[in-house]
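Some notes on the structure that comes next.
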Amino acid sequence: MIDNGAYLLVKKGDPNQFSTRKYLTKDRCTIGRRGTSFQLDITFSSPYISRMHAAFQRIGNDYKIIDLESKHGTEVNGTPLHYSSHILRHGDQISLSKGVAELVFLREVNRLDDTVELPFTQPKNMSVLPGLEIHLERREVRLDGSRLHMTGKDMDLLKLLYQKANRAVSFEEIMLTVWPERMLHEDHVPDVGRVEVNALVYRLRKKLRRYGQQITTIPRYGYRLDV
């Protein structure tokens with residue numbers, strides 16, 4: 001067993017997994033969907049997670065993450081792997097299936113030190129446009145210093161559009177990210193129609209007031225946040 005202090009902190013996944021640590025104690029650790037015939041080291045129950053989704057491979061004192069041709073992809077710090085690998089660094093943010101599961105790669109610098117490191121990177125004030133601040137870690141939006149009331153779905157949509165700012169986001173990706181609980185079958189997108197997506201976008205635009213127009217409609221495809 002390898003004990004080098006490397007672990008994954010679960011930020012989002014199954015309810016009983018939040019803030020749990022998954023130590024990387026082997027040369028190769030695999031992650032995928034629970035209940036399959038594969039011998040996996042880390043599992044999630046969501047049908048969006050592929051049976052064999054990704055792997056963590058030890059290289060010397062480092063680890064790299066490899067996407068195993070998963071159906072809905074793996075991202076590190078918002079960048080898709082596209083079936084490739086990435087050498088992990090302390091604090092790297094890992095997203096499976098467009099945010100269905102989220103993890104952070106961390107290392108224990110000194111396991112004898114009583115001071116426990118912060119699990120997440122400190123939130124920053126993200127000024128997208130003058131007067132508009134989006135705090136992703138706190139799931140908070142402020143306009144001209146005043147906090148805007150945002151529902152969970154509002155924030156999920158804004159977070160997705162913000163992380164992919166200036167890039168078109170498809171209806172399917174929005175459905176997958178914002179309504180994962182509405183999944184009917186693992187090979188299909190959630191039971192959500194475009195009318196429902198459009199209604200959510202309309203509400204978000206209204207809440208963003210003068211900046212609602214920054215959410216651009218991409219005909220027959222989806223939406224884009226222009227910043």
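- A salt bridge links K164 to E75: at least one charged side-chain nitrogen sits closer than 4.0 Å to a carboxylate oxygen.
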Show the numbers, then the answer: is there a side-chain contact (heavy atoms from CB on, under 4.5 Å) between Q163 and L136?
CA-CA 9 Å; Q163 290 179 326; L136 293 182; 4.0 Å; yes
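- Atom CD in Q93 sits 11.5 Å away from atom CG in L88 (nearest 0.5 Å).
- Taking 4.5 Å as the limit, every side-chain heavy atom of L96 sits out of range of all side-chain heavy atoms of Y48.
- I94 CD1 to I31 CD1: the interatomic distance, rounded to the nearest 0.5 Å, is 7.5 Å.
- Ion pairing of D144 with R210 is present here, as a side-chain N (NZ or NE/NH1/NH2) and a carboxylate O approach within less than 4.0 Å.
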Candidate pair M155 and L160, rule side-chain contact (heavy atoms from CB on, under 4.5 Å), full reasoning:
CA-CA 8 Å; M155 199 65 214; L160 173 62; over 6 Å; no
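- Side chains of S50 and H72: a donor-acceptor N/O pair is absent below 3.5 angstrom, by distance only.
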Under the side-chain contact (heavy atoms from CB on, under 4.5 Å) criterion, do W179 and L200 qualify, and how do the steps go?
CA-CA 11 Å; W179 287 276; L200 179 61; 3.6 Å; yes
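- Using a 4.5 Å heavy-atom threshold, the side chains of Y162 and L225 count as touching.
- For the pair V227/N166, a side-chain contact is recorded, criterion being any heavy-atom separation below 4.5 Å from C-beta on.
- A donor-acceptor contact shorter than 3.5 Å is absent between the side chain of R51 and the backbone of G35.
- The CZ atom of R205 lies 7.5 Å from the OG1 atom of T216; values are rounded to the nearest 0.5 Å.
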Test I42 against V10 for side-chain contact (heavy atoms from CB on, under 4.5 Å), laying out the working first.
CA-CA 11 Å; I42 303 171; V10 180; 5.9 Å; no
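- Closest non-hydrogen pair, K12 versus G99, comes out as NZ-O, 3.0 Å.
- Under a 3.5 Å cut-off, the side chain of S70 and the backbone N or O of G73 do form a donor-acceptor pair.
- Separating the CZ atom in R89 from the CZ atom in R107 is a distance of 8.5 Å, to the nearest 0.5 Å.
- Taking a cutoff of 4.0 Å between a charged side-chain nitrogen and a carboxylate oxygen, K22 and D41 do not qualify as a salt bridge.
- Side chains of V104 and L8 form no contact here, defined as non-hydrogen atoms less than 4.5 Å apart.
- Across every non-hydrogen atom of H149 and D154, the tightest pair is O-OD2, 4.5 Å.
- Between the side chains of N198 and Y223, at least one donor-acceptor pair of N or O atoms lies under 3.5 Å.
- The side-chain contact (heavy atoms from CB on, under 4.5 Å) test with F105 singles out one residue from L24, L9, V76, and that residue is L24.
- In terms of heavy-atom proximity, L106 sits nearest to G91 at CD2-N, 3.9 Å.
- By the 4.5 Å heavy-atom criterion applied to side chains, M52 and L40 are counted as neighbours.
- Side-chain atoms of V141 and R147, non-hydrogen and from C-beta on, never get closer than 4.5 Å to each other.
- Salt bridge status for D226 with R224: present, with a side-chain N to carboxylate O gap under 4.0 Å.
- The minimum heavy-atom distance linking G32 with I49 is given by the pair C-CG2, 3.7 Å.
- Considering CD1 of I215 and CG of L158, their distance stands at 6.5 Å, rounded to 0.5 Å.
- For R209, there are no side-chain hydrogen bond (donor to acceptor under 3.5 Å, both in side chains) partners two or more places apart in sequence or in a different chain.
- The ring pair (Phe, Tyr, Trp, His ring centres under 6.0 Å) test with Y23 is passed by exactly one of F56, Y63, Y7: Y7.
- Side chain of K153 to backbone of V178: a donor-acceptor contact under 3.5 angstrom is found.
- Using modelled atom types, no side-chain atom of D62 and backbone atom of I87 make a donor-acceptor pair closer than 3.5 Å.
- The distance from atom CG of L161 to atom CD1 of I174, rounded to the nearest 0.5 Å, is 5.5 Å.
- Side-chain contact between H53 and L68: absent, with no pair of heavy atoms (C-beta onward) separated by less than 4.5 Å.
- Between E196 and R194 no salt bridge is recorded (no basic side-chain N to carboxylate O distance below 4.0 Å).
- Grouping the Ile, Leu, Val, Met, Phe, Trp and Tyr side chains by contacts below 4.5 angstrom, directly or via other members, places V201 with Y211.
- Side chains of M150 and L204 form a contact here, defined as non-hydrogen atoms less than 4.5 Å apart.
- When the side-chain hydrogen bond (donor to acceptor under 3.5 Å, both in side chains) test is applied to D92, the partners found at least two apart in sequence or on another chain are N77, H86.
- Partners of D14 according to the side-chain hydrogen bond (donor to acceptor under 3.5 Å, both in side chains) rule, which considers only residues two or more places apart in sequence or in another chain, are R34, S45.
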